[in-house]
Amino acid sequence: MQSEEGKRIPRHVSIIMDGNGRWAQEKGLERVQGHLRGVQSVRDSLKECADNGVEYLSLYAFSTENWGRSKEEVGYIMQLIFKSILNELDNFMANGVRFVVLGNRASLPDILNEAIDKAMEMSANNKRITMILFISYSGKWDILQAAKQLASKALKSVDPKAYIEGLKEEDFSSLLVTAGIPDPDLIIRTSGEQRLSNYLLWQGAYSEFYFTKVLWPDFDRACMKEALEEYARRDRRYGKVK
């Protein structure tokens, strides 16, 4: 996708928000303070993406594995997400932001699911940009739940063997939680780590990657702008020769 000036811009930017705990520890603060400060980085990234014509911004907010953290930290994160959704809803409506949450929502607190449902319903018709939070999500979980659906469909079909042999990539993609959402063009990871951490394993097959040593709470609009400019310089070939 290109801007009016002919600059290549990603249709979908996805971010692995890493480094909240380290940011807090470096400043002698409790880990939860890093999560709190990271909310501003979400705002900054959303504004920069919207202003540059990015259609989708997705954020890896809480992984399936994160449930293994301390009860206190998990509780704080759930509360922070809940409060942030309520606090940001007016801004979503004023700025044309469609809000979506994807993941294993059955594991989330009822009060959080209620807030998510309200925000998603109210913002459903907003068109400027879609912001997606992945909560209680992992790539392997997503692939497994899609595979289970395919297996169920095959068992119910008249000819299971023919059904399986006729499956195409798009049939599988349609059963992932991201069905209807374009695969990420650009995946950003902050804090210097260089791995996917079980995130969008299927969807990220041909994503461009951008790694930065900046810790997530320090990732501001200038950092996002730099990432978008780096993407514009990339030559995406999808395995082909140009």
Side-chain angles (χ1 to χ4, degrees), residues 10 12-50 52 54 56-81 83-85 88 101-103 131-142 178 183-234:
H12 180 179
V13 174
S14 195
I15 307 177
I16 301 173
M17 305 179 292
D18 196 12
N20 291 337
R22 274 169 282 173
W23 181 89
Q25 290 171 356
E26 287 179 3
K27 297 181 180 302
L29 303 171
E30 294 185 9
R31 286 178 56 85
V32 295
Q33 294 301 312
H35 298 304
L36 180 61
R37 177 60 182 81
V39 173
Q40 182 59 48
S41 297
V42 172
R43 295 191 190 105
D44 287 346
S45 296
L46 180 61
K47 290 176 182 176
E48 188 65 24
C49 283
N52 280 275
V54 174
Y56 296 83
L57 172 65
S58 59
L59 305 161
Y60 200 13
F62 190 86
S63 71
T64 302
E65 292 78 14
N66 287 156
W67 289 111
R69 295 186 178 185
S70 70
K71 183 178 179 180
E72 292 74 18
E73 184 173 359
V74 169
Y76 181 86
I77 293 173
M78 291 296 115
Q79 185 180 45
L80 179 61
I81 294 173
K83 290 182 177 179
S84 296
I85 290 173
E88 298 298 322
V101 170
L102 298 177
M131 189 181 86
I132 304 162
L133 285 187
F134 284 92
I135 306 176
S136 192
Y137 174 88
S138 77
K140 288 183 177 180
W141 165 83
D142 196 8
T178 51
D183 291 341
D185 300 291
L186 175 65
I187 296 179
I188 299 169
R189 181 163 189 155
T190 58
S191 87
E193 303 294 343
Q194 298 185 22
R195 58 180 180 273
L196 272 175
S197 294
N198 203 2
Y199 181 56
L200 298 180
L201 300 179
W202 176 278
Q203 300 88 335
Y206 272 104
S207 301
E208 294 293 318
F209 292 90
Y210 179 83
F211 300 109
T212 174
K213 293 183 179 180
V214 176
L215 301 177
W216 177 245
D218 290 327
F219 194 86
D220 55 16
R221 291 194 65 163
C223 294
M224 176 57 78
K225 181 179 180 180
E226 183 177 339
L228 294 177
E229 289 176 346
E230 170 60 26
Y231 174 84
R233 292 190 288 267
R234 301 279 179 92

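If you're wondering where the values come from, they're calculated on a predicted model, not measured in any experiment. The analysis underlying the following values was restricted to heavy atoms, covering all of them including side chains, and did not include hydrogens, waters or symmetry mates.
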So, [X] side chain and [Y] main chain: donor-acceptor pair closer than 3.5 Å or not?
| X | Y | value |
| --- | --- | --- |
| Thr190 | Met17 | no |
| Asn198 | Lys140 | yes |
| Ser138 | Thr64 | no |

Would you check, one step at a time, whether the test side chain to side chain contact (heavy atoms under 4.5 Å, CB included) holds for Ile188 with Ile16? CA-CA 6 Å; Ile188 299 169; Ile16 301 173; over 6 Å; no
Is the closest side-chain heavy-atom distance between [X] and [Y] below 4.5 Å?
| X | Y | value |
| --- | --- | --- |
| Arg43 | Glu88 | yes |
| Leu46 | Leu59 | no |
| Gln33 | Leu36 | yes |
| Leu186 | His12 | no |
| Ile132 | Tyr56 | yes |
| Arg31 | Arg69 | yes |

How close do [X] and [Y] get, heavy atom to heavy atom, and via which atoms?
| X | Y | answer |
| --- | --- | --- |
| Ser14 | Pro184 | CB-CB, 4.0 Å |
| Ala61 | Ile135 | CB-CG1, 4.3 Å |
| Ser41 | Asp218 | OG-N, 4.2 Å |

Hey, could you give me the [atom1]/[atom2] distance between [X] and [Y], rounded to the nearest 0.5 Å?
| X | Y | atom1 | atom2 | answer |
| --- | --- | --- | --- | --- |
| Leu57 | Cys49 | CG | SG | 4.5 Å |
| Ser136 | Trp141 | OG | CH2 | 7.0 Å |
| Phe134 | Asp142 | CZ | CG | 7.5 Å |
| Ile85 | Leu133 | CD1 | CG | 6.5 Å |
| Ser45 | Asp220 | OG | CG | 8.5 Å |
| Asp18 | Arg22 | CG | CZ | 4.5 Å |

Can you name the salt bridge (Lys or Arg N to Asp or Glu O under 4.0 Å) partners of [X], sequence neighbours left out?
| X | result |
| --- | --- |
| Glu30 | none |
| Glu226 | none |
| Glu26 | none |
| Arg37 | none |

Tell me every residue that passes side chain to side chain contact (heavy atoms under 4.5 Å, CB included) with [X], counting only those two or more places apart in sequence or in another chain.
| X | answer |
| --- | --- |
| Asn20 | His35, Trp216, Pro217 |
| Arg221 | Asp44, Lys47, Glu48, Asp51 |
| Ala24 | Leu29 |
| Ser84 | Val39, Leu80 |

Please list, chain by chain and in numerical order, all residues satisfying ring-ring contact (aromatic ring centres under 6.0 Å, His included) with [X], sequence neighbours excluded.
| X | answer |
| --- | --- |
| Trp23 | none |
| Tyr76 | none |
| Tyr60 | Tyr199 |

Give the C-alpha distance, both sets of side-chain angles, the deciding distance and a yes or no for side chain to side chain contact (heavy atoms under 4.5 Å, CB included) between Ile15 and Ser58. CA-CA 6 Å; Ile15 307 177; Ser58 59; over 6 Å; no
Stepwise side chain to side chain contact (heavy atoms under 4.5 Å, CB included) check, Asp183 with Asp185: CA-CA 6 Å; Asp183 291 341; Asp185 300 291; over 6 Å; no
Taking the six-membered ring for Trp, are Trp67 and Phe62 parallel (under 30°), tilted (30 to 60°) or perpendicular (over 60°)? perpendicular
Look at the aromatic rings of Phe209 and Phe211 and report parallel, tilted or perpendicular, splitting at 30° and 60°. parallel
Is it true that Glu193 and Arg189 make a salt bridge, defined as a side-chain N closer than 4.0 Å to a carboxylate O? no
By side chain to side chain donor-acceptor pair (under 3.5 Å), which residues pair with Glu230, not counting sequence neighbours? Arg233, Arg234
